[in-house]
Amino acid sequence: MNASAMKSKIKWNLTQLSPEEVEEVNNLVQSLLEQKKTERRIVNLEGIWEGIGFEKILDLEGEIKKIRKELAEQLLRRSERWNT
């Protein structure tokens with residue numbers, strides 16, 4: 001059974017429960033979600049771009065600014081064409 005069908009079945013089953021039982025189900029679902037949050041690993045991305053060639057660029061910040069400016073100009077040109 002796919003997830004969508006399972007969710008529909010759960011919703012229908014919930015209509016058969018008393019308000020107290022629905023609260024119990026909600027508590028169970030919340031505890032499952034909390035467990036899921038604590039299971040997430042923290043991944044350190046430091047050094048991910050090392051050795052790719054960025055260290056060869058003398059003025060990295062300047063290059064980034066230049067590329068951002070070029071992209072902004074391209075977007076403006078595209079939006080101007082779009083609006084005419």
Side-chain angles (χ1 to χ4, degrees):
M1 183 178 293
N2 67 23
S4 179
M6 184 62 73
K7 287 177 184 179
S8 294
K9 184 176 180 179
I10 291 170
K11 287 177 186 177
W12 186 85
N13 288 337
L14 286 173
T15 64
Q16 308 302 309
L17 299 176
S18 69
E20 294 81 20
E21 292 169 323
V22 171
E23 188 173 344
E24 285 182 45
V25 171
N26 185 50
N27 292 339
L28 174 64
V29 171
Q30 284 183 335
S31 70
L32 289 172
L33 291 172
E34 287 173 14
Q35 286 176 5
K36 189 175 183 179
K37 284 181 186 177
T38 58
E39 291 174 1
R40 291 183 182 165
R41 296 187 304 141
I42 296 175
V43 177
N44 185 359
L45 299 177
E46 185 177 337
I48 194 170
W49 298 105
E50 229 173 89
I52 295 180
F54 290 112
E55 61 274 356
K56 294 177 185 175
I57 301 173
L58 298 176
D59 182 19
L60 184 59
E61 292 295 322
E63 287 294 318
I64 292 171
K65 286 179 184 178
K66 184 176 112 181
I67 292 169
R68 284 182 177 159
K69 183 178 178 184
E70 290 172 4
L71 286 172
E73 290 170 357
Q74 287 177 7
L75 287 171
L76 282 173
R77 283 194 301 272
R78 286 182 185 182
S79 67
E80 286 172 358
R81 284 190 303 226
W82 182 282
N83 292 327
T84 56

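In this chain, numbering begins with 1 at the start of the sequence shown. On a predicted model such as this, the values are computed, not experimentally measured, just so you know.
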Quick one: side chains of residues 56-72, donor-acceptor pairs under 3.5 Å with protein atoms, not counting sequence neighbours, listed by atom name and distance.
| from | atom 1 | to | atom 2 | distance (Å) |
| --- | --- | --- | --- | --- |
| D59 | OD1 | G62 | N | 3.1 |

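- Atoms CD and CG, on Q30 and L32 in that order, are 10.5 Å from each other to the nearest 0.5 Å.
- For the ring-ring contact (aromatic ring centres under 6.0 Å, His included) condition, no pair includes a residue of residues 5-27, sequence neighbours left out.
- Within the model, atoms CG of L28 and OG of S31 stand 5.0 Å from one another, a figure rounded to the nearest 0.5 Å.
- Nearest heavy-atom pair, N2 versus A5, reported as atom, atom and distance to 0.1 Å: OD1-N, 2.7 Å.
- In this view, Q16 satisfies the side chain to side chain donor-acceptor pair (under 3.5 Å) rule with no residue, not counting sequence neighbours.
- By the 4.5 Å heavy-atom criterion applied to side chains, R81 and R78 are counted as neighbours.
- The nearest pair of heavy atoms linking V22 to L14 is CG2-O, 3.9 Å.
- For the residue pair S18 and E21, a side-chain donor N or O sits within less than 3.5 Å of a side-chain acceptor on the partner.
- Shown here is E50, whose CD atom has no more than 12 heavy atoms of other residues, nucleotides or ligands within 6.0 Å.
- Here the straight-line distance linking atom CD of E23 with atom CD of E20 works out to 8.0 Å at 0.5 Å rounding.
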